[in-house]
Amino acid sequence: MSDRIDALVKRLIRPELRAMQAYVVADPAGAVKLDAMENPYTWPAEIKDQWLGELQSEQLNRYPDPQANAVRDLLKANMQIPAGVDLLLGNGSDEVIQMLVMALAGHDRTVLAPEPGFVMYKMICVYTGMRYLSVDLQDDFDLNIDLMLESIEEQQPALIFLARPNNPTGNVFSEHKVRAIIEASRGLVVIDEAYISFTESHALGLLHDYENVLVMRTLSKLGLAGLRLGMLIGRPEWIHEVDKLRLPYNINVLTQKSVEFALRHQAVLSSQAWQIKQDRASLYAQLQALPQLEVWPSEANFLLFRVLQGSADAVQQRLLEQAVLIKNMHGKHRLLEDCLRVTVGTKAENEFFLAALKTAI
Ligand SMILES: *Cc1c(COP(=O)(O)O)cnc(C)c1O
């Protein structure tokens with residue numbers, strides 16, 4: 001019986017999918033969780049009570065507003081989206097990436113992204129059977145413009161993803177290089193601004209300057225990872241087409257109502273983001289003071305650092321034994337040898353992490 005189903009699975013499931021590992025999410029099991037770029041803060045009790053009060057009037061037997069118009073209007077005002085620019089919502093920006101890839105790529109089309117970078121670009125290309133091509137960043141993690149322009153010329157990618165700030169490196173790619181890539185590309189360039197809350201630079205101006213640019217954002221890193229709300233911002237001509245393959249009702253009732261509530265109480269989230277930026281600076285300084293480490297400046301809510309040669313796996317394991325969960329980047333890319341990535345937590349979490357790290361290295 002089990003032999004038969006194994007043979008059937010082998011025959012029917014696409015080989016590239018069988019060859020893949022499922023995206024593994026570590027089980028925190030009571031550890032201090034600093035591996036997934038979550039905002040560590042919850043809401044004050046009175047705000048939480050108001051939120052729960054508002055949810056009481058929601059009717060779960062009814063489908064949600066398919067366009068999520070109230071949420072979209074609030075988001076447009078909140079992000080100061082210029083007139084003539086439209087907004088499409090996804091179940092996290094992961095779903096937005098999936099919609100974009102499905103809308104643009106075909107069997108003869110290529111998706112291009114610099115690496116090390118966000119892993120979902122590649123994974124979603126594998127899921128959807130699209131060709132994916134990566135171009136290495138420079139040693140300082142900025143874009144290698146010569147290599148990028150060469151690949152664009154040779155491969156003519158239909159879609160290019162640029163995460164700004166980049167994950168897992170935390171830096172913001174130089175604007176003149178981003179512009180050069182957009183100008184050289186005959187395809188669409190998507191600027192992924194998942195970490196917009198932790199940096200001063202943003203790309204909305206590029207939407208005005210170029211026709212082949214879209215901007216992607218998410219509420220996950222700001223503090224609403226559990227709600228799953230991502231967005232695509234751009235000219236209506238693009239948004240209109242991508243919207244055709246959006247599944248109806250992709251933003252559920254509880255997410256719509258909770259996001260509306262959260263945006264009316266935006267000050268809470270903004271001050272949490274401000275606090276995270278302050279604590280990022282002090283965590284950076286304290287990591288930099290450790291002679292065994294190399295740490296990179298970051299405009300996101302995490303820091304990438306390098307430990308002594310050959311010790312990343314052991315350091316991560318010793319942190320785990322002390323109930324601290326961070327992400328091991330070693331082995332994921334040539335430029336990430338011996339590297340680990342830590343999310344900025346609360347002051348207490350950061351101190352706990354630092355104390356554990358000092359004994360682990
Ligand atoms: C976390 C992250 C996302 C995904 O965010 P969701 O909205 O939670 O799906 C997208 N891009 C980058 C670069 C990220 O780091």
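Whatever order the structure lists them in is the order used to number ligands and atoms, beginning at 1.
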field: Charged N-O contact under 4.0 Å between E175 and R179
entry: yes

- line: The reported gap from CG in D279 to NZ in K347 (rounded to nearest 0.5 angstrom) is 3.5 Å

message: Out of the candidates K221, H202, M231, M79, only one should pair with E193 under the side-chain contact (heavy atoms from CB on, under 4.5 Å) rule; please name it.
response: H202

message: When you compare the side chains of N171 and D142, does any donor N or O come within less than 3.5 Å of an acceptor on the partner?
response: no

field: Residues in contact with ligand 1, criterion: heavy atom under 4.0 Å
entry: G92, S93, D94, F118, A163, N167, D192, A194, Y195, T218, S220, K221, R228

Donor-acceptor side-chain pairing of N167 and R341 below 3.5 angstrom: yes

Exercise: do Q256 and D65 side chains pair donor with acceptor under 3.5 Å: no

